[in-house]
Structures are given as C-alpha cells and as structure tokens.
Number of protein chains: 2
Amino acid sequence: MILIMRSADGVDIDDRTARARIRDAAITRFAADGVAATSVRAIAADADVSPGLVIHHYGSKDALRHECDEYVAAVIRQQKHDVLVSGASFDPVAALRAAQSHVPLTRYLARTVIDGSPHVAELIDELVDDAASYMADGVATGMLRPTEYPYARAAIVTLMSLGMLVLHEHVDRLLGVDLTRDMSRVDDAVLATAYIGPMLELFTKGLIADEVAAAMRTVFVDGDAQALQQEEEPAS
Amino acid sequence: MILIMRSADGVDIDDRTARARIRDAAITRFAADGVAATSVRAIAADADVSPGLVIHHYGSKDALRHECDEYVAAVIRQQKHDVLVSGASFDPVAALRAAQSHVPLTRYLARTVIDGSPHVAELIDELVDDAASYMADGVATGMLRPTEYPYARAAIVTLMSLGMLVLHEHVDRLLGVDLTRDMSRVDDAVLATAYIGPMLELFTKGLIADEVAAAMRTVFVDGDAQALQQEEEPAS
DNA sequence: CACCCAGCTGAACGTTCGTTTATGATACTA
DNA sequence: TAGTATCATAAACGAACGTTCAGCTGGGTG
C-alpha cells in the first residue's frame, strides 16, 4: 500500500524506524500533491502511524517539511559526491544519471523548487556552481564549446534541466518520456527519438541561424530599449 | 491595497464588477501562493468583498480556480492572436514579447502549470503546436536551423522556456533577471549579459562539441540499454 | 518481580477552512 | 410608491486541519 523508499541507493542510511517512515511518506506526499495540499493525517496514514506521532517526532508540519528539505538536499549532495569520486570531471552519462537520481527525491525537488524553500534554493545554488565547475572542465577538455558567459550559461542550463523536471508531467504527455523515472531503466526507442535525440541536436547544432542571432544580438545585447521599438518604427 | 489587473491590455474585457475583482484577486493570489495555500477569505479580502460573495458568484473555490484557468488561457490566446495578426510568421522579438506577456497572468501560468489543470495542459499543447508551426516557418525562411525532430524540438524549446518561467524566482536570484516582469521595460545591461546574451550564444553556437554529441548519440539514440551499461562493463 | 521509559495511540482541543443561510441594501420597473 | 430582482453581507455551519495530551504498550534494567 505504501510506497516505501529504498533506504540505501548508495547512501548509508539504514533507518526503517517509524520516524524514517514518516519522513519518507512525507517526501512522497509533498512531491505528489505539494506541501500545502498534504495533511499530516495523510502522511500518518501512509506511514501507518497516528497523526500524533508525526508531531511527536518532528514538532510540527513545518519542521517536518524543513527536515524533508534537508534530507533530500543531503541525499542529492551524497549522490553528487558519489558521482564525483567515481567518474571524474564531466562524464555526460554519469551526470545525466545523477541528475535523474532517485525517483521520489527528484519529484520532491521538482515540487518544492517553486515553493521557495531556503534549503532548496541553497541546493540549487550549489548545483549551479557545480555545473559551472563541470562545464569549465568540459570546455578545457574540448567536450563543451567555449562561452562568453561561463556562470550564466551554467545557471541557464541547470535551470533549464530543472525546469524540464518540474514540468515532467507535460514532458510525459507531449513526448511520452517520464523524466522522474530512472532513465537507465527505460530502454525503448521513445526516449531516444523523443527526448535525447532532439536534445542533443539542439545543444550541438543550436537552434537559431547565425545571421538572425547576430541581428538579435545587435538589438538586445549591443542595442538598447530604443532599438527594441523597431517593430512599430523600423529604423536603420 | 488591491493589485488591480489592467482590464484592457489588448483584450476587450471591460468588467470591473465585484465578480471580476474577485477573479483578478484570485489569479494574483493563486499565482503568488498556489491554489491550495490560498483561502477564499484571503481572496475575498483582496477583492474587498465578503467570503460568501466569492461562493455566490462562482459556486465553489474549485469552480473559481476553473474560471481563472479559462480566463488566463483566453487572455493568452488573445495575445497570441494579436501577435499573429500584427507581425506575421516567426518574429523573435514579437515572440519574446508575447511569451513575456502580462505579469500576473504569466505568474499564474507558471504556478498552475504544475498543479495539473486540464485547461492549462490544453493551453500548453496549443503553445507547443503554435511553436512547431512558427519554427517550421523559421526553418523555411532560414532563420532557424533544420531539425530531424520538428515537433519534439518545438515541445522541448517551449517547455524549456516555460520551465525558466516557472523557476523565475531562481532565475532572478542567480542571474538578476525577473522573467515575470515585462522585458520591454527593462533596458539595463543586466538582462543582456545575464540572460539574452548567453541564451543567444547557447542556441546559436550550441553547447556540446560535435564529437562528444556523436558519441552520446551512439550510446543513447543508436545504441540500446546494453550500451547504456557501459559504465560498469565497458564493451566494444 | 517491579520499574520504567521510549515509542506510540486515540480522543480531543482550538482554529481555520469552504460553504450555507437568512437578511439587508440597492437599483430598476410598473 | 410599491414590487422585485440583483448584489452583497454577517453569522454560523460542519468538516478538516495542525496540534495537544493522558494513557497504553512492550522490551530493557534494577
């Protein structure tokens, strides 16, 4: 009945106490329905305990959510660390696997990322910093193209990936690919043609033609608000 | 006290009745705090009416949310139409402007896009279809690069843009650019260097080097699950 | 054995929620 | 002026919420 989180998964946490069960149930519920729409009673029912015990262990629903944030952040950091020490520098396969980590955790992150938790914001800052570091390595080894904006590019790519994760429901509906599922378990051609294929194409060949980009660059980067009005009054 | 939505903005809606005030207040509140975390009483207070009137006009909170969905979808469709009839085909400036449409509506869309509303899902499907159409035009006129995956690419780019919008809070924190603000009003260099600059670079030059992409393509697109396991057992 | 102290429960607390209802104010119509 | 929809409110409803608390349980210790 209860979706029990596999306790190990590379992380050395071995608790299966009621306290841990409550935390896992909370993470799954928060991820599925959002924090505000999840009741303490629902969490308690999922964890097969009384509502009172939830409060007894965590003090309040808010504190529980707080601890879920920290736990998810800790697990993701751990996974990041594991990836880092196993396959060094920028390994796209490992990075992709790390990004698509444990299912409920990923779903949790995708949900709470918009509810303005300071812990999650911190975690995202770290993810961006790490991405910037990885991508600098990637540029150095020639795997990635050089950039004028190392940090901004890392932030944008990270947030784009995260954004796709947040919108996983729509990605699934439109492309038939569930990003919150472990991708290494999906072996069909759908994933390839519907997601990774166009993704690789997009990030290899680009999207915008050079001359158009140059024009847009003139307007937005070199130009100013005046040039932005060129729709109504075509100048130059 | 109340954040009143400008009634016109290209859409021929001129109601300033209490009913409209409630709807506008609900959109703003739903956008800011989420649907579940917003109480009917808070909406009523923002609209300067009694909680009972909210129900009297809309029947229930859920029906109100339903109507907000439909209203936002209608306004966005209207704006899309306006852009379409004014500057034809794929005009990047107009497209960008249309994407960054009216502030509370954009925020609303960014919030409700993850709560699984059928109306919003429908709207997204339309946005993707439109993007596919625009991008096909762009390819025909040479403004965009050709693609093996026309629909998937359109979906990915649309969802990526939407994802950035959803994560606007983090985009703002990391890059100092508020995507929910009207971009034509922001004339400083921050927007250019922090967002549009790297965005243009990313979608023009790409990110991944050709040889790496070719390798990843071999693994993910041409290969299969067997090849995906090459980390543990490096084959071939 | 008595003790006891975590872990845990069931019932209840006060609050807030969405919603209902009875009633008042207002403006149009005959 | 009387009648009557329409718009709006204040008060209250039951349900569900987060939370509290007194008491039950069962394995470890004297």
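Reminder, nothing fancy here: chain letters follow the sequence lines and each chain counts from 1. FYI, side chains are in, hydrogens and waters are out, and symmetry mates aren't considered; it's all heavy atoms of this structure.
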Legend entry - Sugar-phosphate only, base, or nothing, as touched by A:V49 at under 4.0 Å among non-hydrogen atoms: sugar-phosphate
Inset, instruction - Name all residues meeting the salt bridge (Lys or Arg N to Asp or Glu O under 4.0 Å) criterion together with A:E70; count only those two or more places apart in sequence or in a different chain, and write none if there are none. - result: none
Legend entry - side chain to side chain contact (heavy atoms under 4.5 Å, CB included) partners of B:A36, counting only residues at least two apart: A:A36, A:A37
Inset, instruction - Take the C1' atoms of the five end pairs on each side of the helix from C:dC1-D:dG30 to C:dA30-D:dT1, get both axes, and report the angle to 10 degrees. - result: 20°
Legend entry - Qualifying ring pair (Phe, Tyr, Trp, His ring centres under 6.0 Å) pairs, either residue in residues 29-66 of chain A, two or more places apart: A:H66-A:H119
Inset, instruction - Scan side-chain atoms only and decide if A:T180 and A:D178 contain a donor-acceptor pair under the 3.5 Å cut-off. - result: yes
Legend entry - Nearest-Å distance for atom pair CZ/C1', residues A:R21 and C:dC8: 11 Å
Legend entry - A:D33: partners by salt bridge (Lys or Arg N to Asp or Glu O under 4.0 Å), with sequence neighbours left out: A:R29
Inset, instruction - Would you give a per-nucleotide map of nucleotides 17-23 of chain D, 5' to 3', where B means the base has a protein non-hydrogen atom under 4.0 Å away, S means only the sugar-phosphate does, and - means neither? - result: BBBB---
Legend entry - Separation of C:dG18 P from B:H57 NE2 (nearest whole Å): 18 Å
Legend entry - Pair listing, salt bridge (Lys or Arg N to Asp or Glu O under 4.0 Å) test, anchored in residues 157-177 of chain B, at least two apart: A:D125-B:R173
Legend entry - Under the salt bridge (Lys or Arg N to Asp or Glu O under 4.0 Å) test, residues paired with A:R41 that sit two or more places apart: none
Legend entry - Distance in angstrom units between B:R29 CZ and C:dC17 P, rounded: 11 Å
Inset, instruction - Could you check how far CD1 of A:I43 sits from C1' of D:dA16, rounded to whole Å? - result: 15 Å
Legend entry - ring pair (Phe, Tyr, Trp, His ring centres under 6.0 Å) involving B:H168 - partner list, sequence neighbours excluded: none
Inset, instruction - Check the distance between C:dT19's C1' and B:L64's CG and give it to me in whole angstrom. - result: 14 Å
Legend entry - Between C:dC8 (P) and A:R19 (CZ): distance, integer Å: 11 Å
